[in-house]
Amino acid sequence: MLPVRAILWMAAMAYSGFLMTGQGLRTFNSLSITEAFLGALTGFLLAIMFTLRERRRQRPAVVTYSIEQIFPNWGKSGENGGSHPKPRR
(Lines give C-alpha, C1' and ligand atoms only; values in the text may rest on other atoms or scores of the structure.)
Protein backbone atom coordinates (compact mmCIF):
# COMPACT_ATOMS: atom_id res chain seq x y z
CA MET A 1 0.00 0.00 0.00
CA LEU A 2 2.94 2.34 0.63
CA PRO A 3 4.06 2.62 -3.03
CA VAL A 4 0.56 3.46 -4.27
CA ARG A 5 -0.01 5.94 -1.48
CA ALA A 6 3.40 7.53 -2.01
CA ILE A 7 2.87 7.94 -5.76
CA LEU A 8 -0.56 9.50 -5.30
CA TRP A 9 0.56 11.89 -2.57
CA MET A 10 3.69 12.89 -4.48
CA ALA A 11 1.77 13.58 -7.68
CA ALA A 12 -0.97 15.52 -5.92
CA MET A 13 1.39 17.65 -3.87
CA ALA A 14 3.73 18.28 -6.81
CA TYR A 15 0.79 19.49 -8.86
CA SER A 16 -0.47 21.70 -6.03
CA GLY A 17 3.05 23.09 -5.58
CA PHE A 18 3.17 23.87 -9.28
CA LEU A 19 -0.22 25.60 -9.06
CA MET A 20 0.89 27.67 -6.06
CA THR A 21 3.52 29.42 -8.15
CA GLY A 22 0.70 31.35 -9.79
CA GLN A 23 2.10 30.84 -13.26
CA GLY A 24 0.31 29.33 -16.20
CA LEU A 25 1.06 26.02 -17.81
CA ARG A 26 3.00 27.75 -20.61
CA THR A 27 5.49 29.28 -18.19
CA PHE A 28 7.90 26.65 -16.92
CA ASN A 29 10.93 28.09 -15.14
CA SER A 30 13.10 27.30 -12.14
CA LEU A 31 10.52 28.60 -9.66
CA SER A 32 7.84 26.21 -10.88
CA ILE A 33 10.32 23.32 -10.91
CA THR A 34 11.39 24.13 -7.34
CA GLU A 35 7.80 24.35 -6.12
CA ALA A 36 6.91 21.07 -7.81
CA PHE A 37 9.94 19.38 -6.23
CA LEU A 38 9.09 20.70 -2.77
CA GLY A 39 5.49 19.60 -3.24
CA ALA A 40 6.62 16.10 -4.24
CA LEU A 41 8.91 15.93 -1.22
CA THR A 42 6.07 17.03 1.05
CA GLY A 43 3.78 14.43 -0.51
CA PHE A 44 6.35 11.69 0.04
CA LEU A 45 6.75 12.63 3.69
CA LEU A 46 2.97 12.75 4.16
CA ALA A 47 2.62 9.29 2.62
CA ILE A 48 5.20 7.91 5.05
CA MET A 49 3.52 9.66 7.98
CA PHE A 50 0.05 8.31 7.16
CA THR A 51 1.37 4.80 6.55
CA LEU A 52 3.14 4.76 9.91
CA ARG A 53 0.00 6.11 11.56
CA GLU A 54 -2.08 3.32 10.02
CA ARG A 55 0.36 0.67 11.24
CA ARG A 56 0.41 2.21 14.71
CA ARG A 57 -3.39 2.10 14.92
CA GLN A 58 -3.46 -1.60 14.05
CA ARG A 59 -1.54 -2.62 17.15
CA PRO A 60 -2.89 -2.08 20.66
CA ALA A 61 -2.14 1.39 21.95
CA VAL A 62 -1.82 0.58 25.65
CA VAL A 63 -0.23 -2.50 27.12
CA THR A 64 -2.66 -3.74 29.73
CA TYR A 65 -1.76 -5.69 32.83
CA SER A 66 -3.96 -6.81 35.67
CA ILE A 67 -3.52 -5.02 38.97
CA GLU A 68 -2.27 -8.27 40.55
CA GLN A 69 0.63 -8.37 38.10
CA ILE A 70 1.62 -4.77 38.81
CA PHE A 71 1.23 -4.91 42.63
CA PRO A 72 1.59 -8.55 43.68
CA ASN A 73 1.47 -7.76 47.42
CA TRP A 74 -1.47 -5.35 47.27
CA GLY A 75 -3.89 -5.90 50.13
CA LYS A 76 -1.75 -8.53 51.85
CA SER A 77 -0.76 -7.72 55.39
CA GLY A 78 2.87 -7.68 56.46
CA GLU A 79 4.52 -9.14 59.57
CA ASN A 80 2.98 -6.65 61.99
CA GLY A 81 -0.55 -7.29 60.76
CA GLY A 82 -0.93 -3.96 59.01
CA SER A 83 0.65 -0.60 58.63
CA HIS A 84 -1.24 1.08 61.46
CA PRO A 85 0.60 1.56 64.77
CA LYS A 86 -0.59 -0.36 67.80
CA PRO A 87 -2.59 1.74 70.30
CA ARG A 88 -0.99 2.43 73.72
CA ARG A 89 -2.67 1.28 76.91
A.B. asks: Write down the atom of A6, the atom of A47, and the distance for their closest heavy-atom approach.
C.D. replies: CA-CB, 3.5 Å
A.B. asks: Would you say the side chain of M10 lies within less than 4.5 Å of the side chain of R5, judging by non-hydrogen atoms?
C.D. replies: no
A.B. asks: Do L8 and L46 belong to the same hydrophobic cluster, where Ile, Leu, Val, Met, Phe, Trp and Tyr are linked whenever their side-chain heavy atoms lie under 4.5 Å apart, directly or via other members?
C.D. replies: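 Different clusters: L8 never reaches L46 through Ile, Leu, Val, Met, Phe, Trp or Tyr contacts under 4.5 Å.
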A.B. asks: Under 3.5 Å, which donor-acceptor pairs do the side chains of residues 31-44 form with other protein atoms, sequence neighbours left out?
C.D. replies:
unit_1 : atom_1 : unit_2 : atom_2 : d
S32    : OG     : N29    : N      : 3.1
S32    : OG     : N29    : O      : 2.9
T34    : OG1    : S30    : O      : 2.7
T42    : OG1    : L38    : O      : 2.8

A.B. asks: Mind checking who shares a hydrophobic cluster with I7, ILVMFWY linked at side-chain heavy-atom distances under 4.5 Å?
C.D. replies: none
